[in-house]
Amino acid sequence: YAADNDILMDETKGKELRTYLLERGYQLLEIGYKHDSYLKNPSYHFEFHKKLIDSELCKEAEVYLNGIFPRLKKANETGFLYEITPEDFYIHMVVHAFVHYRQKGTGLRYIVDLFYYLRMYRKDMDMERVQSLLASFGTDRFEVVLKELAEVLFGDGEEKTEYSDAQEEMLAYMFKA
């Protein structure tokens, strides 16, 4: 399957969720440490994540992001759907990209995602708080280069043919991924 739907779940509700999905024809593919995976043909593939991140590369970020439930806001009255703040979503996006970049590479997807996310939500975010948290996680320099590349590659400025050493290094590594 080309894509899955990633959902953060309250781990204490795993058995209840499993019963609900199995009764509706989903096949249990995996009960894992990081997520439980379900499939229903023709193309419904859900991964219910128990954690937002699990990486030795960013322990402080792992603690912050996996402690997210108290910072979530109810999205409706049913109590089943919660929303993440724009800041926490952005932080997760950067940390997730950093982990993939350091482990296996990323391709260009994260640059595109970051570019469009900032275009849509930068005005709604407390960027000082974001920068402070990214610095405490050790991902701030990575984020700076990612933002620079996003602007160079997709921004409205004039076409750029020269890149900084950090930008060149990141792009070369991403193209190999």
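Position 1 is the first residue of the sequence; numbering continues from there. Reckoned from all heavy atoms, side chains included, excluding hydrogens, waters and symmetry mates. Note that the structure is predicted; figures quoted are calculated from it, not measured.
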ask   = Are Tyr64 and Asp88 linked by a side-chain donor-acceptor pair shorter than 3.5 Å?
value = yes

task = Answer with yes or no whether the side chains of Lys50 and Tyr33 bring together a donor and an acceptor at under 3.5 Å.
result =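 Side chains of Tyr33 and Lys50: no pair found under 3.5 Å.
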
More than 12 non-hydrogen atoms from neighbouring residues, nucleotides or ligands closer than 6.0 Å to [atom1] on [X], yes or no?
X      : atom1 : value
Glu128 : CD    : no
Gln131 : CD    : yes
Lys59  : NZ    : yes
Asp165 : CG    : no

Check for me, please, whether [X] and [Y] land in the same ILVMFWY cluster - side-chain distances under 4.5 Å, paths through other members count.
X      : Y      : answer
Val130 : Val63  : no
Tyr121 : Met127 : yes
Val144 : Leu149 : no
Leu81  : Leu72  : no

As an exercise, state the distance from [atom1] of [X] to [atom2] of [Y], rounded to the nearest 0.5 Å.
X      : Y      : atom1 : atom2 : result
Phe137 : Ile53  : CZ    : CD1   : 9.0 Å
Tyr44  : Tyr26  : OH    : OH    : 7.0 Å
Leu146 : Met170 : CG    : CE    : 5.5 Å
Leu114 : Phe154 : CG    : CZ    : 10.5 Å
Leu28  : Ser37  : CG    : OG    : 8.0 Å
Leu29  : Tyr38  : CG    : OH    : 9.5 Å

task = Mind running side-chain contact (heavy atoms from CB on, under 4.5 Å) on Leu171 and Leu153 for me, showing each step along the way?
result = CA-CA 11 Å; Leu171 270 179; Leu153 294 171; 4.1 Å; yes

Parallel, tilted or perpendicular: ring planes of [X] versus [Y], cut at 30 and 60 degrees:
X      : Y      : answer
Phe142 : Phe98  : perpendicular
His96  : Tyr110 : tilted
His92  : Phe89  : tilted

task = Determine, step by step, whether Phe46 and Leu21 satisfy the side-chain contact (heavy atoms from CB on, under 4.5 Å) criterion, reporting the C-alpha distance in whole Å, the side-chain angles of both residues, the deciding distance to 0.1 Å, and the verdict.
result = CA-CA 10 Å; Phe46 290 92; Leu21 291 169; 5.8 Å; no

For the side chain of [X] and the backbone of [Y], is there at least one donor-acceptor N/O pair under 3.5 Å apart?
X      : Y      : answer
Thr19  : Lys15  : yes
Glu87  : Asp126 : yes
Ser132 : Arg129 : no
Glu16  : Lys13  : no
Asn5   : His45  : yes
Tyr82  : Arg71  : no

For a quick test of reading the model, state the closest non-hydrogen atom pair linking [X] to [Y] and the distance between them.
X      : Y      : result
Glu148 : Ser164 : OE1-OG, 4.5 Å
Cys58  : Val99  : SG-CG2, 4.4 Å
Ile111 : Ala150 : CG2-CA, 3.5 Å
Glu83  : Ala75  : CG-CB, 3.6 Å
Ala135 : Asp140 : CA-CG, 3.6 Å

ask   = Could you walk me through whether Leu118 and Met125 pass the side-chain contact (heavy atoms from CB on, under 4.5 Å) check?
value = CA-CA 9 Å; Leu118 285 173; Met125 292 194 295; 3.7 Å; yes

key: Asp36 and Leu17: CA distance, side-chain angles, deciding distance, side-chain contact (heavy atoms from CB on, under 4.5 Å) verdict   = CA-CA 10 Å; Asp36 296 348; Leu17 177 64; over 6 Å; no

Report yes if some heavy atom in the side chain of [X] is under 4.5 Å from a heavy atom in the side chain of [Y]; otherwise report no.
X     : Y     : value
Glu11 : Phe69 : no
Met9  : His35 : no
Ile68 : Leu8  : yes

Ion pair Lys147/Glu151, N-O distance below 4.0 Å = no

